[in-house]
Amino acid sequence: MNTSAVAGAVAVLAADGDDGFFIQVWDILREYWPWLLKGVGVTMLLALTGTIVGIGIGLAIGAIRTIPRDAHSGGLFRRIVLTLVNALLAIYIEVFRGTPMMVQAMVVYFGLDMAFGISLNVLHAGLLVVSINTGAYMAEIVRGGIQAVDPGQTEAAKAVGMSHWATMRSVVLPQTIRNILPATGNEFVINIKDTSVLMVIGTAELYFQGKTIAGISYETFPVYMLIAAIYLVLTFTTTRVLRLLERKLDGPENFTLATSSTTPESILRPGGETLAGRSR
Amino acid sequence: MPAGHASDPQELSADTPAKMHDAEAAAGRSGSDAPAGGGPIVETKDLRKCFGKNEILKGIDFEVLPGEVVSVIGASGSGKSTFLRCINLLEWPTSGQVLYHGQNVLEAGYDVNRYRIHLGMVFQQFNLFNNLNVLQNCVIGQVRAAGVSKAEAKDRAVEYLSKVGMEPYVEAKPRQLSGGQKQRVAIARALSMQPEALLFDEPTSALDPEMVGEVLSVIGELAESGLTMVIVTHEMAFARDVSDRVVFVDDGVIAEQGPPAELFENPQLPRTREFLTRFHAG
Ligand SMILES: Nc1ncnc2c1ncn2[C@@H]1O[C@H](COP(=O)(O)OP(=O)(O)OP(=O)(O)O)[C@@H](O)[C@H]1O
Ligand SMILES: [Mg+2]
């Protein structure tokens, strides 16, 4: 039943028009590959920049929101400023998580021009929008990631006299980054797909390029099939690469004892089980 | 043992100013905490701490002299940890004073981070930095808080790690160590800061029985070397062996204190007696 349906569809595709489906796709690729390549480049640039800047924004907000605000850790003025900053950050997060990125793109692109006379080119506007949008999501992800770090870590850092910033930088945020890596990878993959909405301001990302090619060639179906396939390859590859990265960040399972002279040969065997290290 | 931890209290106080001078120069501040002769390193006066409406510490007057080893004992929930954490301000006291060489550290504008450099802390749950290896655990505080150069910090770290027998493990991450090994690294981390005094909060309570010994023997050696220590512990035999003074905390106050021989053999208060017998029984 299923197989015959698939076979039928393939037959239809293959018999479509004068050329077969795959031949049409091949022709599109051959003719428009520079356009597609540019689309892939812009999409990946948007997604990667958005994610990296978003992580930066998220970590910075996380570090700011955890600054102690109790009565004894600073004067009244400091506390008022911190409260104000926290309120502004909360508004930023709510607004950018609570509105569609497509609308944000329009507001930023046309709004900056009308209000301040700043006319960005569409790529820069796209980079800006995807970065601050991702930043809002990352801020919430980072908050969860910081909460997942054992409070004992912060206490130990305080106990050796480290400042809030030193504690964040050397102890809490590195562990936070490890905690949020899966969710961040997810954001990256979402960005690859969702930057397609930036075509509303004319950013030449992959979907926009597809739309243009379809408009010129009239080969709507094969073009969008091709675009879909490219998106799939991008997201799939990204997912795999991130998983590798995750494993690498965890570091080796084993360690080597520093004084080889006192250690039996077997303990130092590469990849072998060490005294206290867990074996793979 | 390091030069700063000589067994003779006299020698210790003679040596400390030089060490502190370094720390002060590094932190770009001076004169605020010059040690006063033979006075206590840390002192609390009428220290009180409330959590909400619950008053946990009800006025604690306490002092640690240079070179002194003080054990703090008492029933579970009596406020021992809270007291220790109030000393290095991991908990902020509700009222009273915490004096460091006579200066109230609760005053507005006092540099709390710099104060904490002079007081090491060893936790029940070890709290080693999970993202750092053993060596980095002992280096990071020196570099980020005390402004010690990386090279010197590393030398010091290795020195103290070998003192606790953990030098071969410099590359290991905390998750690769046993409980006893973690606690020894935690002690080396605290020592690497070259503190004037070390605070221990039940350093062996989270350990499997067979690892208690290795940690207690390290602490015992430190006590012998003349390091100033305040140790919250349920290990009565250990407290009796290493302490110069034992403090019995009950219901948020110091109920009784004295040399271990006196307090353990001849407790004055009925509640001290009751606690000690209950302890021996169970
Ligand atoms: N952050 C907190 N918020 C509210 N109550 C707290 C807090 N920390 C401690 N307490 C309470 O204060 C009391 C004393 O706690 P503390 O940990 O100081 O006791 P302890 O003497 O160290 O006990 P143990 O021997 O079990 O470690 C307990 O009743 C505890 O529930
Ligand atoms: Mg306790």
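Every heavy atom of this structure was used, including side-chain atoms; hydrogens, water molecules and symmetry mates were not. Every chain is numbered from 1, with letters handed out A, B, ... down the list of sequences.
In the displayed structure, B:Lys154 atom NZ is contacted under 6.0 Å by at most 12 heavy atoms of other residues, nucleotides or ligands. Open room surrounds CZ on A:Phe236; 12 or fewer heavy atoms of other groups in view lie less than 6.0 Å from it.
Counting heavy atoms from C-beta outward, B:Met121 and A:Lys158 have side chains that stay 4.5 Å or more apart. The side-chain heavy atoms of B:Gln142 and A:Val160, taken from C-beta on, include no pair separated by under 4.5 Å.
Only the side chain of B:Phe123 comes within less than 4.5 Å of a heavy atom in chain A; its backbone stays farther off. Contacts between B:Asn88 and chain A at a heavy-atom distance below 4.5 Å involve the side chain alone, from C-beta outward. With a 4.5 Å cut-off on non-hydrogen atoms, B:Leu199 does not touch chain A at all. Residue B:Leu106 does not touch chain A at all, counting heavy-atom pairs closer than 4.5 Å. Proximity to chain B is absent for every atom of A:Arg178, based on heavy atoms less than 4.5 angstrom apart. Of the two parts of B:Ala172, the backbone and the side chain both hold a non-hydrogen atom closer than 4.5 Å to a non-hydrogen atom of chain A.
Rounded to the nearest 0.5 angstrom, B:Asn113 CG and A:Thr167 OG1 are separated by 7.5 Å. Here A:Asp150 contributes atom CG and B:Asn130 contributes atom CG; the two are 7.0 Å apart, rounded to the nearest 0.5 Å.
Contact tally against chain B (heavy-atom pairs below 4.5 Å) for A:Ser163, A:Ser170, A:Ala166: the top residue is A:Ser170.
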- For the pair B:Arg144 and A:Arg169, evaluate side-chain contact (heavy atoms from CB on, under 4.5 Å) and give the outcome as yes or no after the intermediate values. CA-CA 10 Å; B:Arg144 293 264 183 272; A:Arg169 178 181 150 195; 2.9 Å; yes
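The minimum heavy-atom distance linking B:Leu128 with A:Gln153 is given by the pair O-NE2, 2.7 Å.
Looking at A:Glu155, its side chain never comes within 3.5 Å of a backbone N or O of B:Leu90 through a donor-acceptor pair. A donor-acceptor contact shorter than 3.5 Å is absent between the side chain of B:Gln125 and the backbone of A:Gly152.
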